[in-house]
Amino acid sequence: MPDRIEGVKKLFTSRSARVETNKGESYYNDLFERCQTRLRELRVSQPANDRLDFSEVLSNNGVDRRDFMKWVSATTAMLMLPPMFSPLVAEAAELMNRAPVIWLELQDCAGNSEALLRSDGPKIDEIVLDIISLEFHETLQAAAGFQAEKQLEDAIKTFKGKYLLFVEGSVPMGMNGQYGTIGAGAETFYDHLMRVSKDAAAVVAVGACATFGGIPAAAPNPTQAVGVMDVVKGKPLINIPACPANPANMVGVVIHYILTGQLPELDSLLRPKFAFGYRIHDNCERRAHFDAGEYVEEWGDEGAKNNFCLYKMGCKGPMTFNNCSIIRYNEAVNWPIGVGRGCIGCSEPDFWDKYAYERPMANAKIKAPAGGVEKSVDEFGLGLLTAAGIGIGIHAIASAIGGKKEDGGAE
Amino acid sequence: MIKLIEKIEGEAKLNFSFQEGRIDDVQVDFMSSRGIEEILKGKSPLDALVINPRVCGICGHAHLIATVQALESCYEDIKISKKAKIIRELTLNFEIIQNHFKWFYLTIFPLFGLKQEIMKALHPSQLMGKAIALFGGQYPHTSYAIVGGVACEITNMDIIKLQRYIDETIGFFEKNVANADIQTLQKLENTADIMTKQGDLPDILRTIEKNGWQKLGKSYDRFIAFGENSCFAKGKLLNARIYRNVFVEDVRESDSTTSFAKSVHYLDRYYEVGPLARAMIKKNPLIKDAHGRYEDSMFTRILARVYEIAGLLTHSRSLIEELDLSEPSYIKPDIDISQLNSSGSSAVEAARGTLIHKVEIENSVIKNYEIITPTQWNLCGGDNKNRGVSQKAMIGLNNTDIAELVFKTFDVCSVCTTH
Ligand code: SF4
Ligand code: SF4
């Protein structure tokens, strides 16, 4: 054990900046111009809904300009853009009703929608819920049943090729998809997803379930659940894993899309680097204790009372990429390591089988990629995936099934 | 003539059949399943603490507490500090409170032709989410409860924040939901007294009255609750009598052929669970009075759920007073759970009613795990002889809009129902 800790220490004491936060002046100048053009075009386009005027909403909810600008600079920084982009981010927020969003729930626990409902403070909720055009959200919307289905069809038609499709929950492939059906015609989740993703501009998988299969895919994966990327092909796709996904990252993706018309830079697991370029361990408030060799050895001990490092209690921070150590949860009140229970690695594939609870890393059958001190996120992610034989197996089966379905389709 | 109407509510499918203008039967089917119980088999018992909260993003904390208590019940003797118990209870209260606010403003409002009140739903539920995050690190999906106590070491600073979140929520309730001091509200004994108040709850109740719907949505008038703690009592109400002795062992599940939801019965009878059941078993004066007038109708059910918020808020405030921070958060069990060959069960009151977990541990792994959720009690379809609780409440109504309203007074959650 001591050896291992030493080894891990060496590996992770390296410089934390694994994402390129400075790409040089000409890159940003270029991007700035492109964003400006894009925003100009958006401004003259029809809003996806005329629900609310942005500044009106803010003032109605007692949000002053200063609060808003604070949020803008935080968001700009989160998207890893230099401060000169702040005015553009503010403008993008104001133009959010130009980006139609459709939200589907498949095999899920509704936890990501719940998290969205708790996003960053009332002001931003307002932005998320009223301004972003949530054209169709199966939980949030008041309409139900046939009316809802009609709305969905209308939204697909009206915003053909333009909408962002957010998907929450995994896709059950077992029993011909019968583990999950939706609507009067008992359309399978798989067919439903295929139909709605066909005309999407891009698909955003939100949460561990939609990205990598999540809890439903835990061994023995009774319903043969897979992630969205295993079945949706030929579409720009972005993964925002974690369980639940952090709402700040969902909003970040939308803002980025409005701003640039493109998806943000992704890592090998299709996660936006702005959010998943950070290793929990590198920005952890308990890191100094890790370096000093001060660990919680048992729940409730003196170490626990003094916020020592949770590595020996099974913290998976060293293997996990996410920005929750920076932005935290529930309006930044706290995060799992903050309450002393350690990270469970919920933004990594297969966390449900490999990481789970109090299995200290040394016993968790996972190996940190050996050798390099300066492994990039990309390689690190791939290393993990390769280590996960089961994960690959499932993905392979899934793609095979997905492929077959497509081949056997009507056209 | 039999007319068939199908309605989809989330992932629930309702098939109504009409005869002579009235609903004479309704089939309730839940359309998806993840097989969580299968997944738990063969896993380390402690993995259940990570997996089970994820059964439901809406009442995940109740699943966490049910899991930790089920695991703890496998011990012959295990000590949990009072501090840890209070912390678990507080978070449970907060989860229930935030759920009720959201149900009222997002689900019930539009059914009365009102606009969804997003901000009114979000503001108090965010406060409660923050309160949970103080102990649990995040909400939804916390895993801070551990066998032997809780992982968090809270400080006086946390307590101050907590008090602020609670007081702000109470302020919101007094201003918006029922316009009166929360202490006064607590003492009400007569339905007429709430009807004369200002606020969103009395408004809705008055609408029900105006439409003459007070007695719609009656079911078996049988109630049950198992989750005992400092706020809730255990017992069943059958034929107008309360029985305190109820046993988890007598709760049975049976499969359905058309739906993923298994039905649940207690000694061969269906019972309603949830806020109304809890209030009746605890003999809450106001709810008893409303029940005396309108029985187990939509009126009483809506009142009971929203009114429960007030009780939980004041109860939480007094619970905090009892917290002794010098107590340990965790007491190490004398044997490690992996050494146990044992079985156990737990019952917890979640937002929608009694949640039961049963576990068998053998050779260091989970041999069997059974989860019985509140929505199964209330929403499952019945058998040939008897209809389920919500089915019974809808039969006899003359249109599907009212039936939908009645159905939703039970607070539908399909992810829980099938898990
Ligand atoms: S990823 Fe987590 S929060 Fe999201 S649906 Fe799955 S279990 Fe729920
Ligand atoms: S608590 Fe976890 S993430 Fe933080 S320093 Fe220790 S091992 Fe790293």
Side-chain angles (χ1 to χ4, degrees), chain A residues 61 107-115 117-118 122 125-126 129-130 138-140 142 144-146 148-149 172 179-184 186 189 214-216 218-223 225 243-244 298-300 304-305 329-331 333-341 344 352 356-359, chain B residues 6-11 13 31-36 38-39 42-44 46-47 49-51 54-58 60 102 106 110 116 118-119 121-123 125-126 129-130 132-144 146 148-149 151-153 260 328-332 404 413 415:
Chain A
N61 286 289
Q107 206 179 17
D108 71 338
C109 77
N112 295 303
S113 316
E114 281 295 305
L117 284 175
R118 297 206 160 62
D125 284 315
E126 210 41 56
L129 287 164
D130 284 337
E138 282 161 11
T139 305
L140 298 184
F146 294 109
E149 274 183 50
Y179 283 111
T181 60
I182 198 161
F189 285 171
I215 295 287
N221 195 349
T223 60
C243 183
E298 190 179 293
W299 300 117
K305 293 197 181 90
Y329 283 94
N330 302 86
E331 297 178 48
V333 165
N334 218 335
W335 68 304
I337 290 177
V339 294
R341 75 154 169 80
I344 58 168
W352 47 90
Y357 209 50
E358 286 163 50
R359 252 170 272 155
Chain B
E6 191 176 61
K7 246 179 158 351
I8 309 290
E9 305 302 339
E11 283 156 47
K13 188 153 79 174
M31 311 301 289
S32 88
S33 166
R34 290 164 294 163
I36 302 273
E38 274 310 298
I39 287 169
K43 291 210 160 47
S44 151
L46 294 176
D47 285 7
L49 292 171
V50 169
I51 291 175
R54 290 163 169 90
V55 165
C56 182
I58 302 165
K102 281 198 300 214
L106 297 180
Q116 265 187 336
I118 292 173
M119 289 313 287
L122 290 186
H123 180 61
S125 41
Q126 274 163 346
K130 288 204 250 184
I132 298 175
L134 281 179
F135 301 121
Q138 74 189 81
Y139 188 76
H141 293 343
T142 75
S143 297
Y144 77 98
I146 46 181
C152 56
E153 297 287 346
F260 281 114
S329 304
Y330 168 81
I331 301 171
K332 192 178 184 181
E404 178 187 349
C413 172
V415 288

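Lettering follows sequence order; numbering is per chain, from 1. Keep in mind it's a predicted model, so treat the numbers as computed, not measured.
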(message) Need one label for A/P336: side chain, backbone, both or neither, based on atoms under 4.5 Å from any heavy atom in chain B.
(response) both
(request) Answer with side chain, backbone, both or neither: which region of A/V333 has an atom nearer than 4.5 Å to a non-hydrogen atom of chain B? (result)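 Interface part for A/V333: side chain.
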Please report the closest heavy-atom contact between [X] and [Y], naming both atoms and the distance.
| X | Y | value |
| --- | --- | --- |
| B/E38 | A/P222 | CB-CG, 3.6 Å |
| B/Y330 | A/W299 | CD2-O, 3.0 Å |
| A/P216 | B/I39 | O-CD1, 3.5 Å |
| B/A151 | A/G340 | CB-O, 3.6 Å |
| B/K43 | A/A219 | NZ-O, 2.6 Å |

(request) May I ask you to name which of B/A121, B/G136, B/G149 has the most heavy-atom pairs under 4.5 Å with chain A? (result)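 That would be B/G136.
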(request) Heavy-atom pairs under 4.5 Å with chain A are the metric here; pick the option from B/C152, B/G35, B/A133 that has the most. (result) B/A133
(message) Once side chain to side chain contact (heavy atoms under 4.5 Å, CB included) is applied, do any residues pair with B/S329, and if so which ones, sequence neighbours excluded?
(response)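 B/S329: side chain to side chain contact (heavy atoms under 4.5 Å, CB included) contacts with B/K83, B/V150, B/E153.
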To the nearest 0.5 Å, tell me how far [X] [atom1] sits from [Y] [atom2].
| X | Y | atom1 | atom2 | result |
| --- | --- | --- | --- | --- |
| A/N330 | B/Q138 | CG | CD | 7.5 Å |
| A/D108 | B/R34 | CG | CZ | 7.0 Å |
| B/H141 | A/I215 | NE2 | CD1 | 8.0 Å |

(request) Output all residues satisfying side-chain hydrogen bond (donor to acceptor under 3.5 Å, both in side chains) with A/Q107, sequence neighbours left out; order by chain, then residue number. (result) A/S170, A/T223
(request) Counting only heavy atoms closer than 4.5 Å, note whether B/L134 contacts chain A via side chain, backbone, both or neither. (result)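 Contact with chain A involves both backbone and side-chain atoms of B/L134.
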